[in-house]
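We name chains A, B, ... by the order of the sequence lines, and we start the count at 1 in each one. As a basis for the values below, the full set of heavy atoms in this structure was taken, side chains included, without hydrogen atoms, waters or symmetry mates.
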There are 2 protein chains.
Amino acid sequence: MTSFEQSHYSNQLGGILLKHQTPNTPLASGQPATFFPAGSEIYAQGEKCGNLYQVEFGAVRIYRLLSDGRRQISAFHLAGEMFGFEADKSHHFFAEAICGTGIRVLRPSASHVVAELLPMALQSLVRAQEQLLVLGRQNAVERVAAFFLEMSERQGGLRQVEFPMSRLDIADYLGLTIETVSRVFSKLKSKGIIRLPSLRCVEIVKLRTLQDMAA
Amino acid sequence: MTSFEQSHYSNQLGGILLKHQTPNTPLASGQPATFFPAGSEIYAQGEKCGNLYQVEFGAVRIYRLLSDGRRQISAFHLAGEMFGFEADKSHHFFAEAICGTGIRVLRPSASHVVAELLPMALQSLVRAQEQLLVLGRQNAVERVAAFFLEMSERQGGLRQVEFPMSRLDIADYLGLTIETVSRVFSKLKSKGIIRLPSLRCVEIVKLRTLQDMAA
DNA sequence: CCGTCGCGTTGATCCTGATCAAAGGCCCGG
DNA sequence: CCGGGCCTTTGATCAGGATCAACGCGACGG
């Protein structure tokens, strides 16, 4: 979109997710992938929709804005995942590449795509509904703990989790501010529950404790 | 079974909802409807799933609980709407009748059901994702305003909105406490933006103002 | 007719997380 | 090697909504 978006919400670091590029792409065979640089828009709210997208490598954020600029990220999509489902003729959300990202466009008319569509949509629905519990009823520590556990689970249950998104992205996903996210990170670290080998990497040290915290 | 429900509570509410009972039931023709008294469970988290449900009359709440009892209602379903979609073999949520409610059970294997399934699921997905913005980024007044507008819209855009759910249900849907919900109701009323003809009825007086408040 | 119960409203105080502010690291270009 | 910009961290203060508490109100049942 505009310079506002760029200045506020783009990030430099691309390529972090390259390690996790093992997308199984049963639907995408033969389709060419398009590269989206970090921060670039895949589609915008209000645009006509109709296609589906699959992340080949990298990561995508799906979000909405309020008129005063407040942003809520409703979902992150990592390698292998599909997004772009809409109930309507036009998009209700924005989609942006978080880091350098390869995207395959799928024509939803293809029969093998249709077959996969419903399960994927249902998966997204359950995830969104579970996120409602986090945003509606959990405190800052619980939200961050849940985020770590979710990311770990989605990356195969590894204790070492790498994520491509900035603190601002995490904050806008969890309904918090960057300061609060940062403070919770520090607190969990000082308690020895996690380690922070680098800015965008977390190692879960006390899994059980973290699970208990996520309530 | 009906007699149970004719207790004062749903007596009022039952009558109210009758106005809106024009569910188009293309999927349900021939299926018998089951009656669920107010507060009764339709299915529980963890139960095996597989069926779909359509509200014939009345209203349903879909929710999740945290271990300490905190509750988040992820959706209300009114007459004509379908629910019970799951990505998995078992339910991730609870479903309860809010007031005396008639439910049709649909076998999702029926081909005509399958055809309707995807659009319904997508509709639910979009609604859940929009609710994420409310819970993550809007303050108490904005949430309540959005709730009134949503209910009005779902009841055909009428200015007079009647809802079957208690303040506690509304609070648990909006991620607030009953006290806060009550205070916001009072504030909007004192500003002349709404009128409260009865406990479970709101009349939107200044629609434009309310829309602006919902941001 | 009164007492009780469940739900809703209103008031007083507290606390979590937001906001405001400043400084610290990291990466880049020069 | 240095300087600047961006992201992150940390600190101080503020405020919105939660919590605690009391009361109102209508609907029953005795």
Side-chain angles (χ1 to χ4, degrees), chain A residues 3 5-16 38-39 66 68-72 98-99 134-145 163-172 174-190 194 196-202 213 215, chain B residues 4-13 38-39 66 68-72 98-99 134-144 163-172 174-190 194 196-202 213 215:
Chain A
S3 51
E5 298 295 334
Q6 290 301 331
S7 60
H8 252 256
Y9 288 135
S10 58
N11 75 63
Q12 257 61 331
L13 296 164
I16 282 182
L66 291 172
D68 61 3
R70 280 174 288 175
R71 182 180 72 159
Q72 179 64 42
I98 292 176
C99 50
V134 173
L135 297 187
R137 287 295 176 223
Q138 302 207 163
N139 64 31
V141 172
E142 291 169 336
R143 294 181 200 204
V144 171
F163 39 80
M165 62 289 281
S166 68
R167 295 287 185 274
L168 183 56
D169 284 332
I170 296 171
D172 283 351
L174 297 179
L176 302 169
T177 60
I178 38 174
E179 292 96 330
T180 298
V181 169
S182 182
R183 274 185 251 272
V184 173
F185 274 48
S186 300
K187 190 192 212 170
L188 294 178
K189 180 174 140 188
S190 77
I194 59 168
L196 297 170
S198 74
L199 260 183
R200 311 249 172 139
C201 180
V202 168
M213 290 182 123
Chain B
F4 177 100
E5 252 336 288
Q6 296 319 329
S7 60
H8 69 283
Y9 223 12
S10 29
N11 221 347
Q12 315 175 317
L13 301 170
L66 290 172
D68 60 2
R70 280 173 288 175
R71 181 179 73 157
Q72 178 63 41
I98 292 175
C99 50
V134 174
L135 296 187
R137 288 293 177 225
Q138 302 207 161
N139 64 30
V141 171
E142 292 169 334
R143 293 182 201 205
V144 171
F163 39 79
M165 62 289 281
S166 67
R167 297 287 185 272
L168 183 58
D169 284 333
I170 297 171
D172 283 352
L174 297 179
L176 301 170
T177 59
I178 37 174
E179 293 96 331
T180 299
V181 169
S182 182
R183 274 185 250 273
V184 174
F185 274 48
S186 301
K187 190 190 210 172
L188 293 178
K189 180 174 138 188
S190 76
I194 58 169
L196 297 172
S198 75
L199 262 182
R200 311 247 172 141
C201 181
V202 168
M213 289 182 124

Contact list for DNA chain D against residues 180-190 of chain A - heavy-atom distance below 4.0 Å: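 Contacting residues: A:S182, A:R183, A:S186.
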
What contact category does B:I178 fall into here, base, sugar-phosphate, or nothing, at under 4.0 angstrom with non-hydrogen atoms?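 No contact.
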
Contact under 4.0 Å: A:R200 side-chain N or O vs D:dT8 OP1/OP2: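 Yes, such a contact exists.
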
Between [X] ([atom1]) and [N] ([atom2]), how many Å, whole number?
X      : N      : atom1 : atom2 : result
A:R143 : C:dG17 : CZ    : P     : 8 Å
B:R137 : D:dG17 : CZ    : P     : 14 Å
B:L168 : D:dT19 : CG    : C1'   : 15 Å
A:E142 : C:dT16 : CD    : P     : 12 Å
B:L176 : C:dG8  : CG    : C1'   : 16 Å
B:N139 : C:dT16 : CG    : P     : 21 Å
A:L199 : C:dC26 : CG    : P     : 8 Å
B:R70  : D:dA18 : CZ    : P     : 13 Å

May I ask you to test the [X]-[Y] pair for a side-chain heavy-atom distance under 4.5 Å?
X      : Y      : result
A:F163 : A:I170 : yes
B:Q72  : A:V134 : no
B:M165 : B:C99  : no

Applying side chain to side chain contact (heavy atoms under 4.5 Å, CB included) between A:V144 and each of A:I194, A:L174, A:N139, A:T180, report the one that passes.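 Passing option: A:L174.
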
Are the side chain of A:R167 and the backbone N or O of A:L199 linked by a donor-acceptor pair below 3.5 Å?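 Indeed, once roles are kept as given, a pair shorter than 3.5 Å links the two residues.
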
How close do A:E142 and A:A215 get, heavy atom to heavy atom, and via which atoms?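 A:E142 and A:A215 have their closest heavy atoms at OE2-CB, 3.6 Å.
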
